[in-house]
Amino acid sequence: MTKISKQTKFKAVLEYISGDESKKDVAKRYGIHYMAFRRLLSAYKTHGSNVIFNPPKPTGTFRVELASWAIKNNASNTEVAAQFGYVGIVQIVQWKKIYSNLGPNGLLSIQKGRKPKLLFCILRKNNFLVIS
């Protein structure tokens, strides 16, 4: 999957808004997946260019608000994007699942980045195994 630059997304949004072409045609021309473009347009209509150039930071509180609102309102991902200005579909789906299974604390405990790998070394010294 090719990463689309912020400038390209912004140009596509402006072209769609000011033109008379369909969402599908504009999205295809710029190489943006149609559903992603729909979410981007919904978020843009509510939050303006901040959605592209200064998206919200996914803090623990933000994740809880988003997931609880989405579940309570049985909202589609496009509706969530319009409400919160956040278009990260994979994260939204994961947050809703975590919230449903673990409640707010499950989302508050999420750490940014990958989990550290545990590395250890086994050495053989005088016929004994040493783990360090």
Side-chain angles (χ1 to χ4, degrees):
M1 183 175 197
T2 306
K3 183 163 172 76
I4 310 295
S5 73
K6 293 176 182 181
Q7 290 77 15
T8 301
K9 290 176 187 175
F10 187 58
K11 188 175 176 183
V13 166
L14 292 179
E15 187 172 312
Y16 171 75
I17 290 171
S18 64
D20 58 353
E21 288 186 86
S22 71
K23 292 174 191 168
K24 251 184 192 166
D25 290 340
V26 174
K28 187 175 182 178
R29 181 175 322 107
Y30 286 93
I32 304 170
H33 189 276
Y34 173 67
M35 291 304 292
F37 190 58
R38 281 185 53 195
R39 282 190 302 279
L40 183 62
L41 285 170
S42 292
Y44 181 85
K45 288 176 184 173
T46 309
H47 300 277
S49 63
N50 276 341
V51 108
I52 298 170
F53 296 109
N54 191 23
K57 303 286 185 244
T59 63
T61 305
F62 177 78
R63 290 188 290 263
V64 169
E65 282 181 37
L66 184 148
S68 64
W69 183 88
I71 292 167
K72 177 182 165 191
N73 293 290
N74 196 26
S76 70
N77 295 320
T78 302
E79 292 169 326
V80 172
Q83 179 72 22
F84 291 91
Y86 191 79
V87 295
I89 182 75
V90 173
Q91 291 83 12
I92 292 170
V93 170
Q94 287 176 343
W95 296 343
K96 286 167 49 176
K97 186 175 180 180
I98 292 169
Y99 188 88
S100 293
N101 293 333
L102 304 173
N105 289 335
L107 290 173
L108 292 172
S109 65
I110 293 175
Q111 298 289 323
K112 186 175 179 179
R114 296 179 182 210
K115 293 180 183 177
K117 292 182 180 178
L118 297 177
L119 299 176
F120 59 92
C121 180
I122 299 176
L123 302 171
R124 187 176 288 276
K125 287 187 176 181
N126 300 330
N127 291 330
F128 293 100
L129 292 179
V130 179
I131 300 174
S132 59

Output for pair (Leu40 CG, Phe10 CZ), nearest 0.5 Å, gives 10.5 Å

Which pair of non-hydrogen atoms, one from Val26 and one from Ala12, has the smallest distance, and what is that distance? CG1-O, 3.4 Å

Compile the donor-acceptor pairs under 3.5 Å between side chains in residues 89-107 and protein atoms, sequence neighbours left out, one pair per line.
from	atom 1	to	atom 2	distance (Å)
Ser100	OG	Lys96	O	3.0
Asn101	ND2	Lys97	O	3.3

Could you tell me the separation between the NE2 atom of His33 and the CZ atom of Arg38, rounded to the nearest 0.5 Å? 11.0 Å

Can you measure from CE (Met35) to OG (Ser76) and round to the nearest 0.5 angstrom? 7.5 Å

According to a hydrophobic-cluster definition based on side-chain heavy atoms being under 4.5 Å apart (Ile, Leu, Val, Met, Phe, Trp, Tyr only), do Phe62 and Val51 belong together? no

Distance in Å, Lys23 NZ paired with Tyr16 OH, rounded so as to fall on 0.5 Å steps: 4.5 Å

How close do Asn74 and Glu79 get, counting heavy atoms only, and between which atoms? O-OE1, 4.3 Å

Hey, do the aromatic rings of Phe37 and Tyr30 have their centres closer than 6.0 Å? no

Quick one: does Thr46's side chain get under 4.5 Å of Gln83's, heavy atoms only? no

Considering all heavy atoms, the nearest Gly85-Pro56 contact: O-CD, 3.2 Å

By ring-ring contact (aromatic ring centres under 6.0 Å, His included), which residues pair with Tyr34, not counting sequence neighbours? none

Looking at Leu14, is its backbone amide N or carbonyl O close enough to the side chain of Ser18 to form a donor-acceptor pair, meaning the two atoms are under 3.5 Å apart? yes

Lys3 NZ to Thr8 OG1 distance, which is reported to the nearest 0.5 Å: 11.0 Å

For Trp69 against Ala75, the heavy-atom pair lying closest together: CZ3-CB, 3.5 Å

Spacing of CZ belonging to Arg63 relative to OH belonging to Tyr86, to within rounding of 0.5 Å: 8.5 Å

Please check: side-chain N/O of Ser42 versus main-chain N/O of Ala81, any donor-acceptor pairing under 3.5 Å? no

Verify the cluster assignment for Val87 and Ile32: are they in a single hydrophobic cluster under the rule of side-chain heavy atoms below 4.5 Å apart? no

Ile4 and Gly31 have their tightest heavy-atom pair at CD1-O, 3.3 Å

